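Read through the structure below, which is laid out as structure tokens, and then see the notes.
If you're wondering where the values come from, they're calculated on a predicted model, not measured in any experiment.
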Amino acid sequence: QYFNVNTILDFAPLTEPQKVHLTKVYTTLAFSALVTFLSVVINGPWTILHPLFGVFLVLGSIFYIIFTKTSRNDSNYKRLVALFLFSLGLGITYRNYILQAFVFKPEIVTTALMGSIGIFGSFSLASLFMKTRMAMYLGALIFSLSNYIVMVNFANYFFRSRFVNNVTLILGLFLFVGYIAFDTQMVLREVKNGNEDYIYHAMMLYYDLFALFLELLIYLTAKAKSK
């Protein structure tokens with residue numbers, strides 16, 4: 001039960017275990033981002049793979065990490081390999097789209113990259129140091145907004161409205177910003193309750209970061225093409 005008064009009104013600063021855990025999480029997240037970056041910019045053997053293979057690689061890695069428990073033995077190395085494959089899978093899946101955007105207008109990719117990193121860092125830090133755990137309230141809002149975007153996008157598939165598409169893209173940006181704050185708070189709560197699965201937490205936050213980058217890239221590309 002994530003939504004309870006004790007968590008929402010928790011004014012305590014970060015504990016030492018939380019600080020140690022977050023250091024491991026963000027270090028692992030940086031490793032994941034590096035893997036995805038290299039898989040996009042380097043013409044390795046993975047470039048011959050179909051993007052659908054990347055999707056299956058991402059899904060398989062997610063399920064493996066979720067359904068295997070963290071421990072202090074060598075099983076953690078297997079989960080780190082799964083995280084590596086997860087990051088590689090994201091690169092394989094979206095490599096062509098990112099490179100096409102770069103060829104179309106290189107500054108779009110760099111702006112989306114710097115913007116997503118800046119937004120992620122700002123809201124993640126804000127979530128870490130906020131005096132109250134108000135990010136818990138974001139859960140219901142995120143769920144409602146997600147459903148709204150899915151339904152509107154489904155309806156717009158038939159109407160093909162550019163205005164509606166732009167609105168849903170902007171709402172998507174707000175949605176992923178909300179996920180960053182919410183998931184950061186979830187990590188703090190789980191550590192407080194004894195769950196120190198830094199690999200799963202790194203995967204969760206890295207997906208938030210990558211999704212924000214992708215949403216920003218799509219929005220900037222669409223805006224540039226409309227001019």
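- Ring centroid separation for the pair Tyr64 and Phe86 does not come in under the 6.0 Å cut-off.
- Rounded to the nearest 0.5 Å, atoms CG (Asn43) and CG (Leu99) are 8.0 Å apart.
- Side chains of Ile92 and Ser39 form no contact here, defined as non-hydrogen atoms less than 4.5 Å apart.
- You'll find the side chain of Tyr219 reaches within 4.5 Å of the side chain of Lys223, heavy atoms only.
- For the pair Tyr26/Leu205, a side-chain contact is recorded, criterion being any heavy-atom separation below 4.5 Å from C-beta on.
- Across all their heavy atoms, Leu217 and Thr221 have their closest contact at O-OG1, 2.7 Å.
- Using a 4.5 Å heavy-atom threshold, the side chains of Phe53 and Trp46 count as separate.
- Distance alone, capped at 3.5 Å, places no donor-acceptor pair between the Ser116 side chain and the Leu212 backbone.
- Using a 4.5 Å heavy-atom threshold, the side chains of Val187 and Met204 count as touching.
- Among all heavy-atom pairs drawn from Thr111 and Leu216, the shortest one is O-CD2, 4.3 Å.
- Closest non-hydrogen pair, Val40 versus Arg95, comes out as O-NE, 3.1 Å.
- Summarising the geometry of Leu85 relative to Ser61, their closest heavy-atom pair is CB-OG, 3.6 Å, with the distance given to 0.1 Å.
- For Phe104, the CZ atom counts as densely surrounded, since its 6.0 Å shell holds more than 12 non-hydrogen atoms of other residues, nucleotides or ligands.
- The heavy-atom pair separating Ile65 from Arg79 by the smallest distance is O-NH2, 2.7 Å.
- Here the side chains of Phe213 and Ile98 are in contact, with some heavy-atom distance below 4.5 Å.
- When the shell of 6.0 Å around CZ of Phe120 is examined, it contains more than 12 heavy atoms from other residues, nucleotides or ligands.
- Residues His201 and Leu22 form no side-chain contact, since every pair of their non-hydrogen atoms from C-beta on lies 4.5 Å or further apart.
- Annotation: Tyr200, atom OH; neighbour count of heavy atoms from other residues, nucleotides and ligands within 6.0 Å does not exceed 12.
- Minimum heavy-atom separation, Ile42 to Thr47: O-CG2, 4.0 Å.
- In this structure, the side chains of Thr27 and Phe31 stay at 4.5 Å or more apart for every pair of heavy atoms.
- Tyr206 and Thr36 share a side-chain donor-acceptor pair at under 3.5 Å.
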